[in-house]
Number of protein chains: 2
Amino acid sequence: MTGSTATPRERYRLQVRAEVKERAWEQIAGVGASALSLNAIAKQMGMSGPALYRYFAGRDELITELIKDAYRSLADTFRGAADLDLSGLAQVLRRWALEDPHRYFLIYGTPVPGYEAPQDVTAIASEIMSTLLDACIAAGPEEPPTGEQAALDAYLEGHRAWAAGHPTARPATLRRALAFWSRLHGLLSLELAGHFAGMDLDPELLFEAEAGTLFPR
Amino acid sequence: MTGSTATPRERYRLQVRAEVKERAWEQIAGVGASALSLNAIAKQMGMSGPALYRYFAGRDELITELIKDAYRSLADTFRGAADLDLSGLAQVLRRWALEDPHRYFLIYGTPVPGYEAPQDVTAIASEIMSTLLDACIAAGPEEPPTGEQAALDAYLEGHRAWAAGHPTARPATLRRALAFWSRLHGLLSLELAGHFAGMDLDPELLFEAEAGTLFPR
DNA sequence: TCGCCTGGTTAGAAGCTATCACTTGCGGCA
DNA sequence: TGCCGCAAGTGATAGCTTCTAACCAGGCGA
């Protein structure tokens, strides 16, 4: 099954890297990404501090890797739900977010100071957007644009590089994808950060209602 | 003008606390809140490390204070724009966010691990929501709810404790306020985190178009 | 079999938060 | 006015962090 064209050394190396990331995810789930400690991971794996620097250049590279994995996970989850409609995709998105809030915030939360998204990540991000666009195209006719929406549609006609994989999509479809993305992100972000907690509001109902505005029923 | 019922000692104390927070904001603007350093602030103020512990119990208390100030700033900004309509309020919100993105993320970004919002903060948050509700009431008639929105309205009829200051507001008005909040937060959060950066999209146009869906023109 | 290279170790530098013990000097009171 | 107490600032220290440097052992290929 495994290609195993690699030397035993390389296979071991990959395995250790994977275990480090696994422990990192556990720790992130517990204390959050900002308090992630290489030392603690090393100790947990039964080796001492600086050994990890054989596998990761430093904390930043590890976090960058985790961010990439998080994007990869979301992209795969979306791909796996590509046969669902927009409503289903929305539910899949929310479930994925609730499954591990810290993972969500790693992508969509406060940007980390020095971090700059590498090429890999932007590629995966556009893959996610591509899946979303597929669903938006399949979702049927959009309602006629009103006011500023028409202006935005005209603008999107000329700024659609981010949807390069869907050259025939109507501007209203692009607009719907952007609305899906930004509106649901707004709700999820508020929910996961606990801003609905003290308000006695059911986030799921808000989410359902908001998702309902995005596609014809 | 100043009450100055306080002793000189207390006035000095307050002044130092204020300067510490000022330096903290400068540092946050530079390196972000997670990398904020008490030591660096102390050195910048010409005194040495542990002196700051006379004024703040620790890093957490300082950050809590900064979060409260950020909320206070947003609430005041909103109060000062209470005579504007929803469209104006949206623009004020965006300007406030762009003015200091780190301040925005301190409120709406990734929650800090151990932090639990004190009573003060929830009070200020509901003051912000109150101003928003005023504007929503003044914004005129809502469009008829569709599908899940009607269900949400029915739910909101029974869960309106968060809008206790506006007992006569229609559920559709509450729903509009929630949409204003969550949708604009979604866009702002994505913009400030740089997710539109590589997409060649003008965040302002997206924001205008999204705001335009929130109130009759 | 020999040698290199990988992966582990300990030691240490620089930085952080936070506590403790100590001194100094301002402020309020007699 | 003079004196005393308490607040404020100091250095030392513990314990944590990331990360570098130097060193050692063992497996893998020539």
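So you know, we letter chains A, B, ... as the sequences are listed, proteins then strands, and number each from 1.
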Distance-only donor-acceptor pairs under 3.5 Å for side chains of residues 21-38 of chain B, two or more places apart:
{"residue": "B:Lys21", "atom": "NZ", "partner": "B:Asp69", "partner atom": "OD2", "Å": "3.0"}
{"residue": "B:Arg23", "atom": "NH2", "partner": "B:Glu19", "partner atom": "OE2", "Å": "3.2"}
{"residue": "B:Ser37", "atom": "OG", "partner": "B:Asn39", "partner atom": "N", "Å": "3.3"}
{"residue": "B:Ser37", "atom": "OG", "partner": "B:Ala40", "partner atom": "N", "Å": "3.0"}

Please list, one pair per line, the donor and acceptor atoms closer than 3.5 Å that link side chains of residues 130-138 of chain A to other protein atoms, with sequence neighbours excluded.
{"residue": "A:Thr131", "atom": "OG1", "partner": "A:Arg79", "partner atom": "NH1", "Å": "3.4"}
{"residue": "A:Thr131", "atom": "OG1", "partner": "A:Glu127", "partner atom": "O", "Å": "3.1"}
{"residue": "A:Asp134", "atom": "OD1", "partner": "A:His166", "partner atom": "NE2", "Å": "2.6"}

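- Going from atom OH of A:Tyr12 over to atom P of C:dG7 covers 8 Å, rounded to whole Å.
- A:Arg103 contributes a side-chain N or O that, together with a main-chain N or O of A:Trp96, makes up a donor-acceptor pair within less than 3.5 Å.
- Counting to the nearest Å, the C1' atom of D:dG9 and the OH atom of B:Tyr55 are 8 Å from each other.
- Protein atom CD of B:Glu10 is 13 Å distant from nucleotide atom C1' of D:dC6, rounded to whole Å.
- A donor-acceptor pair under 3.5 Å is absent between the side-chain atoms of A:Ser189 and the main chain of A:Gly186, judged by distance alone.
- Atom pair A:Leu62:CG and D:dC19:P shows a separation of 10 Å (rounding to whole Å applied).
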Close N or O pairs between protein and nucleotides 10-16 of chain C (under 3.5 Å):
{"residue": "C:dC16", "atom": "OP1", "partner": "B:Ser37", "partner atom": "OG", "Å": "3.3"}

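- Interface residues of residues 19-31 of chain A facing DNA chain C, ordered by number: none; criterion, heavy-atom separation under 4.0 Å.
- For residues 44-58 of chain B, no residue pair satisfies the salt bridge (Lys or Arg N to Asp or Glu O under 4.0 Å) rule, not counting sequence neighbours.
- Classified by interplanar angle (parallel below 30°, tilted 30° to 60°, perpendicular above 60°), the ring pair A:His185/B:His185 is parallel.
- Two residues, A:Val16 and B:Arg54, neighbour DNA chain C, and the one matched to the more 5' nucleotide by heavy-atom proximity is A:Val16.
- Panel note: side chain A:Arg160, backbone A:Leu174; no donor-acceptor pair is recorded below 3.5 Å.
- In this structure, the side chain of A:Tyr155 engages the main chain of B:Asp202 through a donor-acceptor pair within 3.5 Å.
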Item to check | Protein proximity profile, nucleotides 25-30 of chain D - base contact B, sugar-phosphate-only contact S, no contact -, cut-off 4.0 Å on heavy atoms | outcome: -B----

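- For the pair B:Leu14 CG and D:dA8 P, the computed distance is 11 Å after rounding to whole Å.
- A:His195 places a side-chain N or O within donor-acceptor distance of the main-chain N or O of B:Ile107, the cut-off being under 3.5 Å.
- Cation-pi geometry between A:Arg176 and A:Phe215 is not met at under 6.0 angstrom from the ring centre and within 45 degrees of the axis.
- One can place CE of B:Met45 at 11 Å from P of D:dT10, the figure rounded to the nearest angstrom.
- Between A:Asp60 and B:Arg13, the residue whose closest nucleotide on DNA chain D is further toward the 5' end is B:Arg13.
- The pair B:Glu148-B:Arg175 fails the salt-bridge criterion, with no side-chain N (NZ, NE, NH1 or NH2) lying under 4.0 Å from an Asp/Glu carboxylate O.
- Atom-to-atom, CD of B:Glu61 to P of C:dA18 comes out at 11 Å; the value is rounded to the nearest Å.
- B:Leu52 has its CG atom 12 Å from the C1' atom of D:dA8, to the nearest Å.
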